Structures are given as C-alpha cells and as structure tokens.
K.L.:
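Dumping the structure here so I can ask a few things about it.
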Amino acid sequence: MVAVFARDVRVAFRQRQDLLNPLLFFVMVVTLFPLGVSPEVGFLKQSGAGILWVAALLSVLLSLDHLFRHDFDDGTLEQLVLQPQPLFLLILAKTLAHWMLTGLPLVILTPVLGVMVHLDGNSVAILCLTLLIGTPVLSLIGSIGAALTLGLRSAGVLLSLLIIPLYIPVLIFGTGTVAAAAEGAPVAGYLALMGAFLVLALTLAPFASAAALRISMSNS
C-alpha cells in the first residue's frame, strides 16, 4: 500500500496539468458564481457554503476519470490485479493518494474562498471540517464509478450519471452542518452522521471498487 501510494503521488506531480485542473476549476467556480448570480453580502452569506460544497464536489468528480485511466493505458493496472496482495487494499491506497492530491488541497483553499463569499470565522471552520470529512467520502464513492466505467467511451458522462446521485446525501449534510452552525444550533449530530458516511465508505467502497475493477478488466 505504501509503495502504491508513493508511486501515485510521484506520477501525479509529473502530470501537473491533471493535478492543477481540479483546483483551478474549484477557484473559478467559486469566483465566478457571485459575478453571475448576485454579489450581495446577505445572499453570499446564506449560500456561500453551498457554493463551496458544490464546487468541491464537481472538482473531485472532474479528477475521477484519471484515477485508474493512466494505469489502465500503460498496463500497470493489470499488474496490480495480478499481485498476491488483496486488491481492495491497493485500491484503497490509490484512493487515499487521490484524496490527498485533490480533496485535501480543496480543504486548504477553503478558508480563503470562504472569506471571499463573506462567511464568518465559525462558519469557515465548520465548512473546512465538513470538507475534511466529506471529500474522502467523495473519492471513495467515486472510485467505484471510475472502476465501473474504465475503458468505456464517454466514460466521464457515464461516471457523472452514476456517482452524482450517491453524492447527494454528503452534499446535503455538509451544507446543513454549516447552516446549523450559522444559526447557532448544535452540529454534533451532523458531524456524527458525516463521520458515519466516512466509516461506511472506508469499509465498503474498496471492496466494491475491487469487484468493479475485476469486471472491467475481464471485459476489456
């Protein structure tokens, strides 16, 4: 797992375009949304968390097509499938590398963009916490769709259709947590549910991705 994780990180830094595209997309969506809808402070305070969450979700979705694609094209994925180690652990390592390179930078950028949409300090802190818990769930669920659509034409469109419905609960509770914090309501229940989503995804998603990957490889 350590070797697969380190390799994916090294490969990602050699392909900087794939690494930077989701981050630039995230910044552009959050920056352009007030210009296209409304720059009013009251509106941005109310909808800022939703804007950032939707932008983060779409940024992660944009990067999922490359999760297995490069390894599939150069034959590395076949070698991983044939390894004696459990495939689900290797996929978990690849997914964690994907999150560290895509989801974690989004969390780091969030405080700056949160101030841009006029969120207060407490809301920004809660938003960062929800993204820190939620973006790994997005990567883990997305790995299932990326494995299922591997090798298909127009895989990006099909991947979006498969994965976005599964992202909706995470999006609802992520934005709901920030809204509750802004109103002064307790957020422990929201965070506990998001933590449950993360534990469930960590437990089940690598097995589902491994099964989907074997099916895709056998059909290719």
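Bear in mind the structure is a predicted one, so any value in this text is a computation, not a measurement. Scope of the values below: all heavy atoms of this structure, side chains included, with no hydrogens, waters or symmetry mates.
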K.L.:
To the nearest 0.5 Å, what is the distance between CE on M116 and OG1 on T31?
P.N.:
4.5 Å
K.L.:
If you take all heavy atoms of P165 and S160, which pair is closest and at what distance?
P.N.:
CD-O, 4.2 Å
K.L.:
Assigning hydrophobic clusters by single linkage (Ile, Leu, Val, Met, Phe, Trp, Tyr; side-chain heavy-atom cutoff under 4.5 Å), is L96 placed with L204?
P.N.:
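Per the 4.5 Å side-chain linkage, L96 and L204 are not co-clustered.
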K.L.:
For Y167, is the OH atom crowded, meaning more than 12 foreign heavy atoms sit under 6.0 Å from it?
P.N.:
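Above 12, so yes.
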K.L.:
Starting at CG of L202, measure out to OG1 of T95 and round the result to the nearest 0.5 Å.
P.N.:
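Reported to 0.5 Å precision, the distance equals 9.5 Å.
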K.L.:
Do L200 and I133 share a hydrophobic cluster (ILVMFWY, side-chain heavy atoms under 4.5 Å, transitive)?
P.N.:
no
K.L.:
Do L52 and L119 come within less than 4.5 Å of each other through their side chains, counting heavy atoms only?
P.N.:
yes
K.L.:
Shortest non-hydrogen contact from P22 to S59?
P.N.:
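Smallest heavy-atom distance, with atoms named: O-OG, 3.3 Å.
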K.L.:
Same cluster for I164 and L166 if Ile/Leu/Val/Met/Phe/Trp/Tyr side chains link at under 4.5 Å?
P.N.:
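Hydrophobic grouping puts I164 with L166.
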K.L.:
Can you name the nearest heavy-atom pair linking V137 to L198, along with the distance?
P.N.:
CG2-CA, 3.5 Å
K.L.:
Looking at S209 and S143, what are the two nearest heavy atoms and their distance?
P.N.:
OG-OG, 2.8 Å
K.L.:
May I ask you to test the V60-L106 pair for a side-chain heavy-atom distance under 4.5 Å?
P.N.:
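The answer is yes; the side chains approach within 4.5 Å.
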K.L.:
Distance from T149 atom OG1 to L161 atom CG, nearest 0.5 Å?
P.N.:
10.5 Å
K.L.:
If I take atom CD from residue E40 and atom OG from residue S47, how far apart are they, to the nearest 0.5 angstrom?
P.N.:
10.5 Å
K.L.:
Between L140 and L92, is there a side-chain heavy-atom distance shorter than 4.5 Å?
P.N.:
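Of all side-chain heavy-atom pairs linking L140 with L92, at least one is under 4.5 Å.
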K.L.:
Kindly indicate whether the side chain of T135, heavy atoms from C-beta on, has any atom under 4.5 Å from the side chain of L57.
P.N.:
no
K.L.:
Could you tell me whether the side chain of H98 reaches within less than 4.5 Å of the side chain of D8, counting heavy atoms only?
P.N.:
no
K.L.:
Can you give me the closest heavy-atom contact between V81 and L87, atom names plus distance?
P.N.:
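Scanning both residues completely, I find the closest heavy atoms to be CA-CD1, 4.2 Å.
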K.L.:
In the structure I gave you, are the side-chain heavy atoms of L150 and L77 within less than 4.5 Å of one another anywhere?
P.N.:
yes
K.L.:
Is it possible for you to say whether I91 and V11 belong to one hydrophobic cluster, with membership spreading through side-chain heavy-atom contacts below 4.5 Å?
P.N.:
no
K.L.:
Quick one, L58 with L62, criterion side chain to side chain contact (heavy atoms under 4.5 Å, CB included). Give me CA distance, side-chain angles, the key distance, then yes/no.
P.N.:
CA-CA 6 Å; L58 294 176; L62 181 68; over 6 Å; no
K.L.:
Verify the cluster assignment for F197 and I172: are they in a single hydrophobic cluster under the rule of side-chain heavy atoms below 4.5 Å apart?
P.N.:
no
K.L.:
I'd like to know if the side chain of T102 reaches the main chain of W99, judged simply by a donor and an acceptor atom lying under 3.5 Å from each other, with no hydrogens or angles considered.
P.N.:
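It does not hold such a pair.
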K.L.:
Within a reach of under 6.0 Å around OH of Y190, are more than 12 heavy atoms found that belong to other residues, nucleotides or ligands?
P.N.:
no
K.L.:
Does C128 reach the side chain of V124, with side-chain heavy atoms less than 4.5 Å apart?
P.N.:
yes
K.L.:
Ignoring hydrogens, what is the shortest heavy-atom contact between T130 and V178? Give both atom names and the distance.
P.N.:
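That would be OG1-CG2, 4.3 Å.
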K.L.:
For atom CD of Q46, decide whether the heavy atoms of other residues, nucleotides or ligands shown that lie under 6.0 angstrom number more than 12.
P.N.:
no
K.L.:
Between F13 and L101, is there a side-chain heavy-atom distance shorter than 4.5 Å?
P.N.:
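Contact flag for L101/F13 side chains = yes.
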K.L.:
With rounding to the nearest 0.5 angstrom, report the OG1 to CG distance, T76 to D71.
P.N.:
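Spacing of OG1 (T76) from CG (D71) equals 5.0 Å.
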K.L.:
Using the ring-ring contact (aromatic ring centres under 6.0 Å, His included) rule, collect all pairs that involve residues 26-62, keeping only residues at least two apart or in two chains.
P.N.:
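Counting only pairs at least two positions apart or across chains, no ring-ring contact (aromatic ring centres under 6.0 Å, His included) contact touches residues 26-62.
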K.L.:
Measure the spacing between CD1 of I144 and CG of L159 and express it to the nearest 0.5 Å.
P.N.:
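So the CD1 of I144 and the CG of L159 are separated by 11.0 Å.
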